[in-house]
Number of protein chains: 2
Amino acid sequence: MKTIDPSLRDKTKRLTQALRDGGVRVTRQREVLLRILAEAEDHPDATELHRRARAVDDSVSLATVYRTLSVLEREGVVQRHSFESGAARFEVADPAHHDHIVDLDSGEIIEFRNDRIEELQRQIAAEMGYEIIHHRMELYCKKRA
Amino acid sequence: MKTIDPSLRDKTKRLTQALRDGGVRVTRQREVLLRILAEAEDHPDATELHRRARAVDDSVSLATVYRTLSVLEREGVVQRHSFESGAARFEVADPAHHDHIVDLDSGEIIEFRNDRIEELQRQIAAEMGYEIIHHRMELYCKKRA
DNA sequence: TTGTGTGCAAATCTTTTGCAGGTTG
DNA sequence: CAACCTGCAAAAGATTTGCACACAA
């Protein structure tokens with residue numbers, strides 16, 4: 001049987017509150033999606049989120065999934081990733097930015113963070129007269145023999 | 001009037017040769033596309049390349065542009081970039097890898113390279129048991145006030 | 001109540017593909 | 001000549017949108 005993870009409940013609550021604070025209505029469909037996003041440990045795309053959402057409430061439409069994801073992105077609750085191929089994938093926004101390693105064989109996505117690189121990036125942009133609004137770095141890798 | 005840039009002719013020739021070496025036929029349409037890619041100083045998408053190609057030879061179809069770009073990518077002649085939104089953009093493959101700064105206001109794309117970051121990336125991947133096959137790094141920026 | 005949100009289906013946009021005919025090597 | 005390419009149009013995949021109805025605040 002499945003135990004309820006209390007930290008998961010908190011996480012969902014925090015996301016819900018972020019929406020209310022943004023003056024956005026928290027509908028039944030959005031609650032479902034927030035919960036699913038909160039408990040996701042991978043980087044699902046819209047279709048996959050739709051599949052998971054319907055398992056909880058089969059009235060959720062794919063259009064709503066897309067519309068909700070746009071709202072959540074605008075509210076800073078989720079992050080959209082466009083990897084090299086296929087549909088966009090989503091994850092709950094991490095207050096501490098991180099980058100991704102994509103395992104080319106398994107498709108698995110691994111998160112990492114390196115402050116040295118972050119700092120170098122800022123330096124490079126600054127030297128060219130720019131300020132970084134956001135950035136992405138993806139390492140497409142294979143396991144070493 | 002327009003002068004013919006000799007280095008441009010050489011560049012086109014080099015690309016054409018790369019195709020022949022790969023056992024790929026160099027058709028009229030492919031020649032046109034290679035020349036357009038060689039003289040491009042920006043990062044055009046397939047539709048834009050199609051527009052430019054038709055200005056030279058209006059029989060070139062969009063399907064051929066896409067098919068040719070796939071061949072050129074496979075032959076290592078061009079690189080495909082999927083930036084955050086919109087269609088894929090292409091540029092002649094740079095033997096020395098580089099990354100991109102995307103100016104969020106103008107849409108302009110600026111290239112840069114930093115060996116220190118490249119090295120750190122390799123280290124990070126190695127620590128996690130991975131070998132980098134290829135990677136991408138994009139800094140989405142605004143000009144500093 | 002009232003402005004938002006939703007489901008459905010159709011539209012859009014990008015990219016791919018089947019097929020019949022054309023061209024390169 | 002044979003294998004490879006091309007144009008055209010249709011298909012496919014992802015995402016957006018118009019509309020009439022439903023619902024959160």
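Note on naming: letters A, B, ... go to the chains in the order of the sequence lines (proteins, then strands), and numbering restarts at 1 for each one.
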For DNA chain D, the dot-bracket notation using Watson-Crick and G-U wobble pairs below 3.5 Å, [ ] for pseudoknot-type crossings and | for other-strand pairs, is |||||||||||||||||||||||||

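- Checking side-chain atoms of B:Arg122 against main-chain N and O of B:Ile132 turns up no donor-acceptor pair under 3.5 Å.
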- Message: A:Arg116 vs A:Glu119, test: salt bridge (Lys or Arg N to Asp or Glu O under 4.0 Å). Steps then yes/no.
- Response: CA-CA 5 Å; A:Arg116 282 306 296 289; A:Glu119 175 54 26; over 6 Å; no

Set out, line by line, the N/O atom pairs under 3.5 Å between protein and nucleotides 11-15 of chain D.
unit_1, atom_1, unit_2, atom_2, d
D:dT15, OP1, A:Ala88, N, 3.0
D:dT15, OP2, A:Tyr66, OH, 2.4
D:dT15, O5', A:Tyr66, OH, 3.4

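- Side chain of A:Arg30 to main chain of A:Arg25: a donor-acceptor pair is present (N/O by atom type, distance under 3.5 Å, no hydrogens or angles).
- Nearest nucleotide to the side chain of A:Ala63, out of C:dA9, D:dT6, D:dC8: C:dA9.
- Contact annotation: the side chain of A:Asp99 approaches that of A:His135 to within less than 4.5 Å [non-hydrogen atoms, C-beta and beyond].
- Distance alone, capped at 3.5 Å, places no donor-acceptor pair between the B:Thr64 side chain and the B:Val60 backbone.
- Using modelled atom types, no side-chain atom of B:Arg80 and backbone atom of B:Ala88 make a donor-acceptor pair closer than 3.5 Å.
- Between B:Phe83 and B:His81, the two ring planes are parallel [angle under 30°; tilted spans 30° to 60°].
- Listed for the A:Arg113 side chain is a donor-acceptor partner under 3.5 Å among the backbone atoms of A:His97.
- In this structure, CZ on B:Arg35 lies 6.0 Å from CD on B:Glu39, to the nearest 0.5 angstrom.
- The stretch residues 20-35 of chain B comes close to DNA chain C through B:Arg20, B:Arg25, B:Val26, each having a heavy atom under 4.0 Å from the strand.
- A distance-only check finds a donor-acceptor pair linking the side chain of B:Tyr140 to the backbone of B:Glu84 [under 3.5 Å].
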